[in-house]
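For reference, the structure is listed below as structure tokens.
So you know, we letter chains A, B, ... as the sequences are listed, proteins then strands, and number each from 1.
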Amino acid sequence: MADPILDVRNLSTQFFTEEGQVNAVDSVSFTVEEGEVFGIVGESGSGKSVTALSLIDLVESPGDIVDGEIWYRNGELAEAVREDSPDAVDGTAVDLRQLSPSARRSLRGPSFSMIFQDPMSSLNPSLTVGEQIAEAVEVQRRASANPRSTRSRTQGYGLGSLLSGLVFDSREFVRSESRERAVELLDQVGIPDPEERATEYPHQFSGGMLQRAMIAQALAGEPDILIADEPTTALDVTIQAQILDQLAEIQAARGMTIVLITHNLGVIARMCDRVGVMYAGEFVEQGSLEAVFDRPTHPYTQGLLASSPTVDGAEGRLEPIEGNVPSLVDSEMPDRCYFADRCPKAMEECLDKPPELPVEDGHSAKCYLAEQEYDPETALPEGYFDE
Amino acid sequence: MSLARFLLRRSLQGIFVIWGVVTVVFGLRFIAPGAPENVLLPPDVSEATRQQVAAELGLDQPLYLQYFDYIVGLPVGDMGTSLVTRTPASGRVLSTLPATLELAIAATVVAIVIAIPLGVISATRRHKPADYGATLFSLVGISTPNFWLGIMLVIIFSVQIGWFPSSRRPVGIGIDAILADLVALQLEAAASGLRDWLYYITLPAITLGTYFTALITRLTRNGMLEELGEEYVRAARAKGLPETLVRYKHALRNTLIPIITVLGLQLGTLIGGAVITERVFRWPGLGTLIINSIQARDWPVVQASIIIIGVGFVVLNILVDALYTYINPQVGEN
Amino acid sequence: MAKIGVVLILLIVIVAVFAPFLAPHDPTAQDLDVSQQPPVGFGSTSTEEVPVQENGSVVIEDGNIVTEERTVTENTSWSHALGTDGNGRDVLSRVIYGARTSMIVGIAGTLLAAVFGVVVGLTAGYYGGRVEDTLMRASDIMLAFPSLVLAIALVGVWGTAGIKIPDPLVVSGLSETIRSALGLAVGMPETITVPGTVIIVVALVNWVWFARVARGEALSLRGQEYVKAARAVGANNSYIIRKHVFPNAITPIMVLATIQVAAIILLESALSFLGFSGTNLSWGFDISQGRQFQSTSWWIATMPGLAIVLTVIGLNLVGDWLRDALDPDIGGEGGV
């Protein structure tokens, strides 16, 4: 197997709120192979979206990535970086965490791009759809024209031209070739009459059409890795299937790598090659789709699968195990397995936090059941955690 | 709805509002104690002379006829005769209007040029010294009566430091004079005219502009903070758009759209502020005329002033709405 | 920040209420001997030679009395801590008494505007239809008048008559007793001038904001289930407005009222500054007086202005805090 395109090690992202430190992503490690679809599944609040934002360096205050490495394999980038910061390079891989913020930003578009849950709020309501896609094309164009400089990208765009641009549509940043490319992209994602639609505003689009436009925007930079955060959750069921087909088609055509975040097991089953299950900021189980779905080891994964009525249908919503995802406030986090108080198979061992344990080759779980059989003798009595 | 239909509907509403203003203003005169013609006459005048003057001014007519005459006269600019100078009231108002407009426009320019960048800086450096400074400035700015601010500026910059004049602006300095020099290609005269113009208008413009600077700074800051938290901003960053563009092209654009409407509503405050600023700097504008006319009980001039201000307010608001429709695509739909 | 606002407002209210105890002088008493006296710390200074004293006697060296140079501040006194105006009246006492006028006009004007505006607005919003149309058009017309210009015109027409009411603290003899016991000047003004016309005028130009907010609230409450339910069981309309609609509209009205007190204080000071004052114990009036001395005695205009700024900052801080805490959706006109 080739080296993974993305190798995330011990990534931790925390939020510093009034209630205290929140460990949204808690020392997460996983790899993504080139050209595969990697799924991250979990309930809301499990930290899957923050993981996605951490990959693309868009965690906003009061949050911050506090620890970990994100190795991204890109020969060109490695060559460019090697001279200035040799520590950040390992072979053809680069640790993104050691790059400057501006260098990381310049990877958005050409290397990483992202689709968000709600297309309606993810596009600027006061700019035309075409303009916004053209912006993404322009970013890529300028980056490839002058890869090491970020200065050239903002040239010719000051506050003065902005103020006039508010009244008279601003056209300085985006050149006409980019606009034409935007229309092509709209056409590629299956929007009829793309030339006309490019001049329309987001509120004139339906939800499904907007999500297609968002995909077009994400594709504009021809990214190596596309991060899709709940891309179909806000859409009607019939539209969901169309969008997933569209994504699958593009992925197949371009050999693109996709990190797909969802709470919907049906979507995972339909799209993914490998999958990671998140709970309380941790990856509790990961492995190939087949391994995780057919031989789930962690009781949480088992619960998820059991509660999902039809794994193939797009309808497989999660309402799994009794209880809620625990608060991720650092001071309230126990030392035991975070799932123990909801776990039907909690044992005495579980009062010590389990490490990541191998189940089989390429399949691991943060659960003692990966190594041993469930032993009712050592089971914790019911109501053990109800103080 | 098309822009033309929108403008037509707003214009009809505007005409209604202006009619209301005219009616209220016309009524104002009749709640004033004493017969209007008494203003012109010494107290010991004979009844016959008084009646003759009243007839001359049309004041002997029944009220509804006077009202009718007034309304009919308006479209052709007839707003009665000044009781003090015996010249058309509209002429007196219009002759003072340029000075007030100069002041109002200068203040607005000062406000916009300072406030929008300040608000953006404040929002993007949240909880940093620049933000606290801007927030404190806007709090003090909206809480300071501008007449007092004007006097303080005069005491500091005119009396103590001597950078600016404390005297009234002489006749012959103004945009009109500068433009005339430019047209006549008298560039040197135009340059010195511009210098003089700035010399006299700086303090009044700051005085009038401070409240608006503070207000727009605050609106821009709050608006930017809200917009920068929106999903589309994150999406714009995710596609690699430079931060300058994220802020100015995306977030600021959506911030300014509602600010424009707020400013439309604040035009009344701008004019009220101009009236009182003129008083502080003895600026030869509409505000000075209004106050002098009220003190002289020269009602036709007071009425004409208020009506012209009302018309200006209505027209500007229609323009603001049209601009709003133009830059905010979502309004055009419904 | 809101705490600072509350402290400022409490301070001003206390100063206004207890003015006869707090003012060092009768604010109207003229003393031309000490006119235009600067505040403490801003007096003109000179140096003079003073004999050096040791153990109560002068020091003599080489047959001469040893002296040292000492800076002496002239023409200021703690008796007039903030100086005096052109007629020798105590600026601090006038600032203290000015707080009364601002508070009376601010609170009474806001109450009057609120009562009128809320009644009209709730009625219009609740009944809808033609009543509402009429109100909205009337408020459009009101908004086309710059409030200051309209206020000037109304005050110009009606004059600035005020009502003199006896000051209970003075008439009861309470303040005189305490003041003389403390050795302070006695003979404080026996009446408070309530600038009635000005109050009516500021209420007339500001009621429309209340009407708009109240209408908006009534409009949204009209469709609520419990209002419909009340109507279904046969409650009459005025009862529903009083018992159901008004209590729910009270939050945004309170927030608006806080901001309006600030706006009205600014409006009153502007009117006073322009010479349309119902009383000459007013900050705006004092600023207009001080303006005549701007080239020689800066403090006369400065001190009352600072008082206005602090009061309005206090109200704005509290208003902002209420607005953030209660989050009503209101507009509202600010300053002058």
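- The shortest distance between side-chain heavy atoms of A:Asp57 and A:Arg105 does not fall below 4.5 Å.
- There is no side-chain donor-acceptor pair under 3.5 Å between A:Ser113 and A:Arg108.
- A cation-pi contact, defined as under 6.0 Å to the ring centre and within 45° of the axis, is absent between B:Arg234 and A:Phe116.
- Other residues, nucleotides and ligands contribute over 12 non-hydrogen atoms within 6.0 Å of the CD atom of A:Glu184.
- If you tally non-hydrogen atom pairs under 4.5 Å between each of B:Gly229, B:Ala236, B:Ala235 and chain A, the highest count goes to B:Ala235.
- Residue A:Leu53 touches chain B through its side chain alone, counting heavy-atom pairs closer than 4.5 Å.
- For the set A:Met214, A:Glu135, A:Glu138, the entry with the most heavy-atom pairs within less than 4.5 Å of chain B is A:Glu135.
- Both the backbone and the side chain of A:Leu58 come within contact range of chain B, judged by heavy atoms closer than 4.5 Å.
- With a threshold of 4.5 angstrom between heavy atoms, A:Gln132 approaches chain B through its backbone and through its side chain.
- Of the listed residues A:Ser121, A:Ala136, A:Gly109, A:Pro202, the one with more heavy-atom pairs under 4.5 angstrom with chain B than any other is A:Ser121.
- With 3.5 Å as the limit, one finds a donor-acceptor pair spanning the side chains of B:Glu227 and B:Tyr232.
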